[in-house]
Amino acid sequence: MFHVTVKSPHSINETVEKLTANLKEQEFGVLWDFDLRGKLEEKGQTFDEDFRVLEVCNPKVAKDVLTRNLLAGYFLPCKMVVYVEDGVTKIGMPKPTHLISALDDSELTSHAEAVEERLTIAMNQTVNG
């Protein structure tokens, strides 16, 4: 599977707030919190579910990865989503290991494994804490 998705017992806003705090504990910051539903409505399109896209980054890891291979920039910053589907709040992300595999570089794969682990910890802390 190319992604990780977990269910949250919290509202979407509470989930984003808790996730942001847990990401910070894992040394990741939220660069951008994009309210997709709000933007679509602003453009005259109705979308029934809340959907937020978070772009998250650890500057040191990003620098290390980009120094190794600039093409890794296609996968940065890491994207996470928080959305409501059928009344259930969910957190998801594409697996960094899956994305970086396109570059076929074992050192980059090691970075992606560490990032994936830390982001998954933050997701699990959000839904279990």
Side-chain angles (χ1 to χ4, degrees):
M1 191 155 286
F2 75 93
H3 65 93
V4 176
T5 303
V6 297
K7 293 178 183 178
S8 172
H10 313 292
S11 70
I12 191 166
N13 289 332
E14 199 175 2
T15 298
V16 168
E17 184 179 311
K18 289 177 182 293
L19 180 59
T20 299
N22 289 322
L23 286 166
K24 190 171 186 175
E25 286 181 20
Q26 295 297 320
E27 300 178 332
F28 282 81
V30 175
L31 302 174
W32 190 41
D33 177 354
F34 179 66
D35 176 4
L36 181 63
R37 179 181 179 181
K39 182 55 78 173
L40 289 174
E41 287 177 356
E42 179 184 306
K43 301 296 181 184
Q45 302 298 311
T46 53
F47 190 71
D48 293 333
E49 302 289 1
D50 285 323
F51 198 102
R52 306 262 288 275
V53 179
L54 307 179
E55 292 198 343
V56 304
C57 184
N58 174 300
K60 182 185 179 334
V61 174
K63 179 186 176 273
D64 290 347
V65 167
L66 288 169
T67 299
R68 174 97 178 156
N69 188 332
L70 286 175
L71 293 178
Y74 283 98
F75 315 120
L76 299 177
C78 293
K79 194 167 287 198
M80 301 182 87
V81 295
V82 181
Y83 60 101
V84 177
E85 182 178 44
D86 299 324
V88 177
T89 303
K90 297 181 180 180
I91 306 170
M93 69 173 177
K95 289 183 177 179
T97 53
H98 181 79
L99 296 173
I100 209 77
S101 68
L103 299 179
D104 195 29
D105 181 318
S106 61
E107 185 175 324
L108 291 179
T109 299
S110 293
H111 281 295
E113 288 169 349
V115 165
E116 189 171 308
E117 180 180 346
R118 291 162 70 186
L119 296 179
T120 301
I121 287 169
M123 289 170 61
N124 289 331
Q125 287 175 328
T126 299
V127 300
N128 296 320

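Nothing fancy with the numbering, it's 1 onward along the sequence.
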Do [X] and [Y] share a hydrophobic cluster (ILVMFWY, side-chain heavy atoms under 4.5 Å, transitive)?
X: Ile100; Y: Leu71; value: yes
X: Val16; Y: Val84; value: yes
X: Val127; Y: Met93; value: yes
X: Leu99; Y: Val4; value: yes
X: Leu31; Y: Leu66; value: no

Could you measure the distance from the [atom1] atom of [X] to the [atom2] atom of [Y]? Nearest 0.5 Å is fine.
X: Lys63; Y: Cys57; atom1: NZ; atom2: SG; result: 13.0 Å
X: Glu85; Y: Asp48; atom1: CD; atom2: CG; result: 12.5 Å
X: Ile121; Y: Asn128; atom1: CD1; atom2: CG; result: 12.0 Å
X: Lys18; Y: Leu23; atom1: NZ; atom2: CG; result: 13.5 Å
X: Asn22; Y: Gln26; atom1: CG; atom2: CD; result: 8.0 Å

Minimum side-chain heavy-atom gap [X]-[Y] below 4.5 Å:
X: Arg68; Y: His111; answer: no
X: Gln125; Y: Glu25; answer: yes
X: Leu103; Y: Tyr74; answer: no
X: Met80; Y: Leu19; answer: yes
X: Arg118; Y: Val61; answer: yes
X: Asn124; Y: Val6; answer: yes

Handout entry: Side chains of His3 and Thr5, donor plus acceptor under 3.5 Å
Key =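 Yes - a donor-acceptor pair under 3.5 Å links their side chains.
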
Practice task
Look at the aromatic rings of Phe51 and Tyr83 and report parallel, tilted or perpendicular, splitting at 30° and 60°.
Solution key: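 The arrangement is parallel - the two ring planes meet at less than 30°.
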
Handout entry: Gln45 CD: over 12 foreign heavy atoms closer than 6.0 Å
Key =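 Incorrect, the count does not exceed 12.
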
Handout entry: Pairing residues for Glu117 by the salt bridge (charged side-chain N to carboxylate O under 4.0 Å, His left out) criterion, not counting sequence neighbours
Key =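 Not a single residue meets the salt bridge (charged side-chain N to carboxylate O under 4.0 Å, His left out) criterion with Glu117.
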
Handout entry: Test side chain to side chain contact (heavy atoms under 4.5 Å, CB included) applied to Leu108 and Val65, Thr97, Asp64, the passing residue
Key =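 Looking at Val65, Thr97, Asp64, the match for Leu108 under the side chain to side chain contact (heavy atoms under 4.5 Å, CB included) is Val65.
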
Handout entry: Worked check of side chain to side chain contact (heavy atoms under 4.5 Å, CB included) between Lys79 and Val53
Key = CA-CA 7 Å; Lys79 194 167 287 198; Val53 179; 3.6 Å; yes

Exercise for the section: Enumerate the residue pairs fulfilling side-chain hydrogen bond (donor to acceptor under 3.5 Å, both in side chains) with a member in residues 28-38, sequence neighbours excluded, ordered by first and then second residue. Expected result: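 Passing the test, one end in residues 28-38: Asp33-Arg52, Arg37-Glu41, Arg37-Asp50.
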
Practice task
Considering non-hydrogen atoms only, spot the tightest contact between Leu119 and Pro96 and give its length.
Solution key: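 Nearest pair, atom of Leu119 first, then Pro96: CD1-CG, 4.5 Å.
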
